[in-house]
Amino acid sequence: MTRRVVVAMLVPVTWSPPGVDLRAWRAAMAEDVVDLLARLAQAEAAIATTPGDRALADEIAWPGTRIYEIPEPTVLPVLTAAAADGFDQAAVIAADAPDVPGMTLGKLLRPLDSKAVAVAPGGAGGGLFGVATGLPAPDWLVDHDLDSASPQLLRRTAPAPGDVTSTPHWRRLRGPADLATLDVALEGWENTRALLGG
């Protein structure tokens with residue numbers, strides 16, 4: 001049986017809605033993502049954090065959740081840690097997308113049966129929502145953060161462009177325009193919803 005892990009990375013958050021404390025906003029979004037991961041049937045959940053965010057990671061983790069402490073919020077150290085834990089596949093996703101549906105995570109992992117790397121773009125704000133790969137990660141995969149990377153960046157170092165496949169995008173909440181796209185009909189994201197007064 002294939003062992004999979006989906007890791008919520010505590011990415012930098014520089015914006016919060018008017019009147020909402022930035023730390024509380026960041027914590028609510030990340031907790032909603034971790035809550036979703038903890039309920040996945042086909043993958044285990046983990047959190048990736050820099051030392052400065054370790055307290056936040058401890059605060060939002062479910063009992064038994066793995067926490068990977070990494071020097072900077074980039075992908076390769078997380079993949080290395082997941083491989084050392086014996087996982088066969090791993091996805092690293094941004095923890096600022098509180099309303100992401102579980103189906104989107106499934107679509108990120110599904111191509112790994114035939115593709116080396118799968119990426120989900122981060123929507124109109126650019127960057128990536130997530131990246132998934134078999135483990136150990138391919139040696140040609142460049143280290144990157146989720147804020148500035150793109151599918152094109154990862155394809156540049158791949159032996160063939162088709163080794164990196166794109167899956168449906170999911171936008172992250174990084175500004176007022178993203179906030180307007182929240183779908184109140186989607187289940188979950190209770191912590192973020194509460195901060196927004198809904």
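Please read these numbers as outputs of a predicted model, since none were measured by experiment. Numbering starts at 1 and runs along the sequence shown.
Thr74 is linked by a side chain to side chain contact (heavy atoms under 4.5 Å, CB included) to Glu72, Pro77, Asp143, Asp145, counting only residues two or more places apart in sequence or in another chain. Remark: Glu31 engages no residue in a salt bridge (charged side-chain N to carboxylate O under 4.0 Å, His left out) (not counting sequence neighbours). Taking Ala90 as the reference, Val5, Leu79, Ala82, Leu135 meet the side chain to side chain contact (heavy atoms under 4.5 Å, CB included) condition, with sequence neighbours excluded. Asp163 pairs by the salt bridge (charged side-chain N to carboxylate O under 4.0 Å, His left out) definition with nothing, not counting sequence neighbours. Residues satisfying the side-chain hydrogen bond (donor to acceptor under 3.5 Å, both in side chains) test with Arg23, not counting sequence neighbours, are Glu59. Scored by the salt bridge (charged side-chain N to carboxylate O under 4.0 Å, His left out) test, Asp88 finds no partners at all (sequence neighbours excluded). Applying the side chain to side chain contact (heavy atoms under 4.5 Å, CB included) criterion to Thr181, with sequence neighbours excluded, gives Arg171. Here Ala57 pairs with Leu10, Ile47, Thr49, Ile67 under the side chain to side chain contact (heavy atoms under 4.5 Å, CB included) rule; sequence neighbours left out. By the side-chain hydrogen bond (donor to acceptor under 3.5 Å, both in side chains) test, Trp62 is found to be paired with Asp35, residues two or more places apart in sequence or in another chain being considered. In this structure, Asp178 has no salt bridge (charged side-chain N to carboxylate O under 4.0 Å, His left out) partners at least two apart in sequence or on a different chain.
Neither Leu195 nor Leu56 shares a network with the other; the hydrophobic side chains, linked directly or stepwise wherever heavy atoms of I, L, V, M, F, W or Y lie under 4.5 Å apart, form separate groups for each. When hydrophobic clusters are built by joining Ile, Leu, Val, Met, Phe, Trp and Tyr residues whose side-chain heavy atoms come closer than 4.5 Å, directly or via intermediates, Leu76 is grouped together with Val11. Cluster membership check: Leu37 shares its hydrophobic cluster with Phe129, using side-chain heavy-atom separations under 4.5 Å among Ile, Leu, Val, Met, Phe, Trp and Tyr. Cluster membership check: Leu40 does not share its hydrophobic cluster with Val34, using side-chain heavy-atom separations under 4.5 Å among Ile, Leu, Val, Met, Phe, Trp and Tyr. Connection of Leu36 to Leu173 is established within a shared hydrophobic cluster, with ILVMFWY side chains joined at heavy-atom distances below 4.5 Å, either directly or through further cluster members.
Closest non-hydrogen pair, Pro138 versus Gly134, comes out as CD-O, 4.3 Å. A pairwise comparison of heavy atoms in Ile60 and Ala27 identifies CG2-O, 4.1 Å as the closest pair. Shortest non-hydrogen contact noted between Trp25 and Thr192 is CZ3-CG2, 3.6 Å. In terms of heavy atoms, Ala97 sits closest to Val33 at O-CG2, 3.5 Å. Closest approach of Trp189 and Leu196 over heavy atoms only: CZ3-CD1, 4.3 Å. Contact record, Val164 with Arg155: O-NE, 3.0 Å, taken as the closest heavy-atom pair.
Checked by atom type and distance alone, the side chain of Arg66 never pairs as donor or acceptor with a backbone atom of Val7 at under 3.5 Å. Using a distance-only test at 3.5 Å, with no hydrogens or angles considered, a donor-acceptor pair links the side chain of Arg172 to the main chain of Leu128. A donor-acceptor pair under 3.5 Å is absent between the side-chain atoms of Ser16 and the main chain of Asp21, judged by distance alone.
Contact of the Asn191 side chain with the Pro98 side chain is not registered, since no non-hydrogen atoms from C-beta on lie closer than 4.5 Å. At least one side-chain heavy atom of Val13 sits less than 4.5 Å from a side-chain heavy atom of Leu22.
Note: Asp96 CG to Met9 CE = 11.5 Å, rounded to the nearest 0.5 Å.
Applying the salt bridge (charged side-chain N to carboxylate O under 4.0 Å, His left out) definition to pairs two or more places apart or across chains, those involving residues 46-57 are Arg26-Asp53, Arg54-Asp58, Arg54-Glu69.
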- Query: Can Gln42 and Thr2 be said to form a side-chain contact (heavy atoms from CB on, under 4.5 Å), step by step?
  - Reply: CA-CA 9 Å; Gln42 303 299 321; Thr2 302; over 6 Å; no
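Evaluated for a salt bridge (Lys or Arg N to Asp or Glu O under 4.0 Å) with Glu44, the options Arg39, Arg3, Arg4 yield exactly one hit, Arg3.
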Tell me which donor-acceptor pairs under 3.5 Å the side chains of residues 104-119 have, and how far apart each pair is, sequence neighbours excluded?
{"residue": "Lys115", "atom": "NZ", "partner": "Gly162", "partner atom": "O", "Å": "3.0"}

